[in-house]
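All residue numbers in this chain count up from 1 along the given sequence.
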Amino acid sequence: MEHVPRDVQDSSFEAEVEARCSNVEASNPVLDEQGAEKLKGDAIGNTLYSESGLLKTLISLSKFNDDAWSEQFEEQLCFLWDMTFEDDVIAVLLQHDFINLACQVIQTSSVPRLIEILIGILGNMSARKEVRIHLAHSSTADILISLLATSDSLTLLQLVRLLNSCVWHVNRSSHTNDGELQDEEKHLDLHAEVESWIALLKNNSGALNEHLSFILKSSTNEELLQSTLELLNNLCCTTSKNHYFSEFLSTSMLLEGLTEALHQLLDVGEEKEANVVWGDKSEKAAQHWTQTLSAFTLHHAGTDLIYDQRQIIMRSLCSILDPLGLQENIFPLDSRKLEILDSILDVIDCLKNKKNYSPPALLPRILTILSFLSVVTKDTGDQADTPEESDNEESLEMQWEVQSRLFTYCFSVLCDIDLTEFLEAFGDNPIPKVRALLSSLSQCSDHKIVKITTVIERLLT
């Protein structure tokens, strides 16, 4: 990162702090119980944090050079980092232009721990709208985006967290209905925030592609990979005037990074089968990966990319469907697993609709999952209880919708496939595998499943 000269801090700032601190003996920015009453006029809002102590930390930061880095100063900054969970503390930092001060130090310092802490503080501050708008300004944003090129994984983790916070708030604001906002000024503020970030993301789409792809392909830090996948998922949810930001991210370079990160988190290697262990790590990675690919299906750039890279994508889909093809992994059936399946269907439906491409290898995997979801029903055709009955009506409705989509896809493919292709999809010694699948499907009395078993039996005769 290129170093640039730091602006000289206004001497009046130091004078103000010295005046505030002249009657305060403690330099620690927190007030203990004993001194709280004495120093209550110095407290920040309703907290027990000392404003004069905070301002002393800011003075030290404004004068900082790398030779001054010490364990004591690190502790001071870490304490400030903890303080920024308080909204009143953020207000004081904004009053004293902390964002610009932090960016100036980031530009001139080569101490990774210092940069990590400052980015972490900005991440906590991003809970406030005015901070997010400031961070979207080109002068500040350029510094943050360029910092994605750093090799320090802990700094990257805080930076991705910061960007995730901002993009998440932008998406939430962009989906707020006008009718929900009675206050015209609040509506304008939300609009300003959304448009500022949309413009920033568009202007920096090339850099985001390059830097995020490199992180996904080169990092071995699982927390960083998960956070980066989440960031991409949030970025792909960003829309503006019917324009999808995911269109700017639909590149083979980024898809390669997405795939490598997914395989690392799922522990998929060249010489081994997909890991059948399905924990929270695997589920989160699969969710972010599939939802990002699902966003690609909304425009031509994305659908072209998916078709061009279909072999790589199919391997990744198999690495997700294989563990979900075990009952102990698919159940309990929660909303996240349903979202994963729904997003997978978006991708494979896209391929089928675009070029009538239906990879046979996916069929037995999807049929297996369908057999699990299509539980034994009563003679009346009512649905029986699932292994974990949902109290959430919306989740139950989503389950029915996913099951219906799974059936539609499987039935459509089965009607087009020939026996040779069908058997090849099951790998070596296919007949016993097909019979086992039929046995599982035959336990479901749902009329749709009966139609599927009938088609399979016809294929075998």
Just wondering, do [Y] and [X] contact through their side chains at under 4.5 Å, heavy atoms?
{"X": "Pro112", "Y": "Leu154", "value": "no"}
{"X": "Asn100", "Y": "His134", "value": "yes"}
{"X": "Arg161", "Y": "Ser227", "value": "no"}
{"X": "Leu362", "Y": "Pro359", "value": "yes"}
{"X": "Val131", "Y": "Leu122", "value": "no"}
{"X": "Ile320", "Y": "Trp289", "value": "yes"}
{"X": "Lys448", "Y": "Ser404", "value": "yes"}
{"X": "Ile366", "Y": "Leu341", "value": "no"}

If you draw a 6.0 Å radius around [atom1] in [X], do more than 12 non-hydrogen atoms from other residues or ligands fall strictly inside?
{"X": "Arg435", "atom1": "CZ", "answer": "no"}
{"X": "Glu71", "atom1": "CD", "answer": "no"}
{"X": "Glu130", "atom1": "CD", "answer": "yes"}
{"X": "Lys284", "atom1": "NZ", "answer": "no"}

Measuring from atom [atom1] of [X] to atom [atom2] of [Y], what distance do you get when rounded to the nearest 0.5 angstrom?
{"X": "Leu225", "Y": "Lys217", "atom1": "CG", "atom2": "NZ", "value": "13.0 Å"}
{"X": "Arg128", "Y": "Leu93", "atom1": "CZ", "atom2": "CG", "value": "10.0 Å"}
{"X": "Ile90", "Y": "Asn124", "atom1": "CD1", "atom2": "CG", "value": "7.0 Å"}
{"X": "Leu229", "Y": "Ile215", "atom1": "CG", "atom2": "CD1", "value": "11.0 Å"}
{"X": "Phe245", "Y": "Asn171", "atom1": "CZ", "atom2": "CG", "value": "10.5 Å"}
{"X": "Ser358", "Y": "Leu351", "atom1": "OG", "atom2": "CG", "value": "8.0 Å"}

Does [X] come within less than 4.0 Å of [Y], counting only side-chain N to carboxylate O?
{"X": "Asp152", "Y": "Arg113", "result": "no"}
{"X": "Asp349", "Y": "Lys354", "result": "no"}
{"X": "Lys355", "Y": "Asp304", "result": "no"}

*Checking side-chain hydrogen bond (donor to acceptor under 3.5 Å, both in side chains) for the pair Asp446/Ser374: CA distance, chi angles, key distance, verdict?*
CA-CA 7 Å; Asp446 184 279; Ser374 304; 6.0 Å; no
Name each donor-acceptor pair under 3.5 Å that joins a side chain in residues 416-431 to protein atoms two or more places apart or in another chain, with its distance.
unit_1	atom_1	unit_2	atom_2	d
Asp418	OD1	Thr420	N	3.3
Asp418	OD1	Glu421	N	2.8

_Let's go through Arg132 and Glu193 carefully: what are the C-alpha distance in whole Å and the side-chain angles of both, what is the deciding distance for salt bridge (charged side-chain N to carboxylate O under 4.0 Å, His left out) to 0.1 Å, and is it a yes or a no?_
CA-CA 7 Å; Arg132 297 192 298 272; Glu193 179 187 352; 2.5 Å; yes
Backbone N or O of [Y] within a donor-acceptor pair of the [X] side chain at under 3.5 Å?
{"X": "Trp81", "Y": "Gly120", "result": "yes"}
{"X": "Asn204", "Y": "Ala207", "result": "no"}
{"X": "Arg315", "Y": "Gln311", "result": "no"}
{"X": "Thr108", "Y": "Val105", "result": "yes"}
{"X": "Thr303", "Y": "His300", "result": "yes"}
{"X": "Ser146", "Y": "Asp142", "result": "yes"}
{"X": "Ser442", "Y": "Ser439", "result": "yes"}

Please determine, by modelled atom types, if [X] and [Y] share a side-chain donor-acceptor pair under 3.5 angstrom.
{"X": "Asn164", "Y": "Asn234", "value": "yes"}
{"X": "Trp278", "Y": "Glu283", "value": "yes"}
{"X": "Gln226", "Y": "Glu230", "value": "no"}
{"X": "Ser109", "Y": "Asp66", "value": "yes"}

*For His211, which residues count as a ring pair (Phe, Tyr, Trp, His ring centres under 6.0 Å) partner, sequence neighbours excluded?*
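With sequence neighbours excluded, His211 shows a ring pair (Phe, Tyr, Trp, His ring centres under 6.0 Å) to no residue whatsoever.
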Can you see which heavy atom on [X] is nearest to which on [Y], and at what distance?
{"X": "Gly325", "Y": "Phe372", "value": "O-CE1, 3.2 Å"}
{"X": "Leu156", "Y": "Leu148", "value": "CD2-O, 3.5 Å"}
{"X": "Asn221", "Y": "Ser153", "value": "ND2-OG, 3.9 Å"}
{"X": "Leu338", "Y": "Ser395", "value": "CD1-O, 3.8 Å"}

*asked:* For Phe73 together with Phe64, are the ring centres under 6.0 Å from each other?
replied: yes
_Are Phe407 and His447 an aromatic pair, judged by ring center distance below 6.0 Å?_
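No, too far apart.
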*Kindly determine whether Asp342 and Lys337 satisfy salt bridge (charged side-chain N to carboxylate O under 4.0 Å, His left out), including the steps that lead there.*
CA-CA 9 Å; Asp342 199 46; Lys337 294 190 186 85; over 6 Å; no
_Residue pairs passing the side chain to side chain donor-acceptor pair (under 3.5 Å) test where at least one lies in residues 245-260, sequence neighbours excluded_ = Asn209-Thr251, Ser246-His299
_Cation over ring face, Lys451 and Phe411, 6.0 Å, 45°_ = yes
